[in-house]
Amino acid sequence: ETMKRRPAASGSDHGSKQHDSATHQAQSVTNALLRTKNMMQQELERVSALSTTIDDDGALLSGAREEHVGMGGAMKGAKGMLKKLGRQDVRDAFILRCAVVFYWLVVAYVLWSRIKVPFLP
């Protein structure tokens, strides 16, 4: 009987060790799953923040694009006005030169008619 009890006792210890080992493994797996859950939650929060940032940046870019499109029309109008002013500047310079030439021709005619310069016909 003593012999029978010893193997039974050692078998009980062996069963207890297996039970402790299984409990330890279950706790280890549970801890690993909790860590994984926490990491996934942190990643989800990070991705959510990134998504919000991207949406805000998209709205900002859309506003900038609309402003750029609006400015494009204004720029075309300004470009047309600058071309018109350039043409007017050239025309004004031509008229001024013609006026200066006309003025000197009138001065020369008056001098010629009043003074009668002999070497002029």
Side-chain angles (χ1 to χ4, degrees):
E1 288 184 27
T2 314
M3 291 274 217
K4 287 184 180 179
R5 286 185 185 177
R6 280 190 180 174
S10 73
S12 174
D13 285 341
H14 181 65
S16 175
K17 286 181 182 180
Q18 285 180 345
H19 179 64
D20 288 344
S21 176
T23 303
H24 178 68
Q25 286 178 347
Q27 286 177 348
S28 176
V29 168
T30 302
N31 289 338
L33 288 173
L34 285 174
R35 283 193 306 271
T36 303
K37 178 189 164 203
N38 289 336
M39 284 177 31
M40 290 178 74
Q41 188 174 9
Q42 289 172 354
E43 280 299 306
L44 182 63
E45 290 171 0
R46 188 180 71 84
V47 167
S48 177
L50 282 174
S51 177
T52 302
T53 302
I54 288 172
D55 289 344
D56 292 346
D57 289 349
L60 181 66
L61 286 174
S62 292
R65 182 181 178 277
E66 290 173 9
E67 186 175 337
H68 179 71
V69 168
M71 293 296 286
M75 290 300 213
K76 286 181 183 178
K79 184 178 178 181
M81 290 301 290
L82 283 174
K83 284 183 181 180
K84 185 177 179 181
L85 286 172
R87 288 191 303 266
Q88 188 175 355
D89 187 40
V90 169
R91 185 174 36 241
D92 289 348
F94 176 73
I95 290 172
L96 180 64
R97 287 185 182 112
C98 288
V100 168
V101 169
F102 181 73
Y103 172 78
W104 286 113
L105 287 175
V106 169
V107 167
Y109 175 74
V110 168
L111 288 177
W112 179 73
S113 65
R114 300 284 177 168
I115 298 179
K116 294 287 188 193
V117 180
F119 57 86
L120 292 175

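Residue numbers run from 1 in the order of the sequence given.
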If two hydrophobic side chains count as joined below 4.5 Å and joins carry through other members, does [X] share a cluster with [Y]?
| X | Y | answer |
| --- | --- | --- |
| Val106 | Tyr109 | no |
| Val110 | Phe102 | yes |
| Met39 | Val29 | no |
| Met81 | Met71 | no |
| Leu111 | Val101 | no |

For residues Lys79 and Lys83, determine if any side-chain heavy atom of one lies less than 4.5 Å from a side-chain heavy atom of the other.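 The answer is yes; the side chains approach within 4.5 Å.
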Rounded distance (nearest 0.5 Å) linking atom [atom1] of [X] with atom [atom2] of [Y]:
| X | Y | atom1 | atom2 | result |
| --- | --- | --- | --- | --- |
| Leu85 | Asp92 | CG | CG | 10.0 Å |
| Leu33 | Met40 | CG | CE | 10.5 Å |
| Leu34 | Gln27 | CG | CD | 11.5 Å |
| Glu66 | Leu61 | CD | CG | 11.5 Å |
| Leu50 | Asp55 | CG | CG | 11.0 Å |

Backbone of [Y] reached by a side-chain donor or acceptor of [X] within 3.5 Å:
| X | Y | value |
| --- | --- | --- |
| Ser51 | Val47 | no |
| Ser62 | Gly58 | yes |
| Thr30 | Ala26 | yes |

Can you pull the side chain to side chain donor-acceptor pair (under 3.5 Å) pairs that have at least one residue in residues 37-46, sequence neighbours excluded? Glu43-Arg46
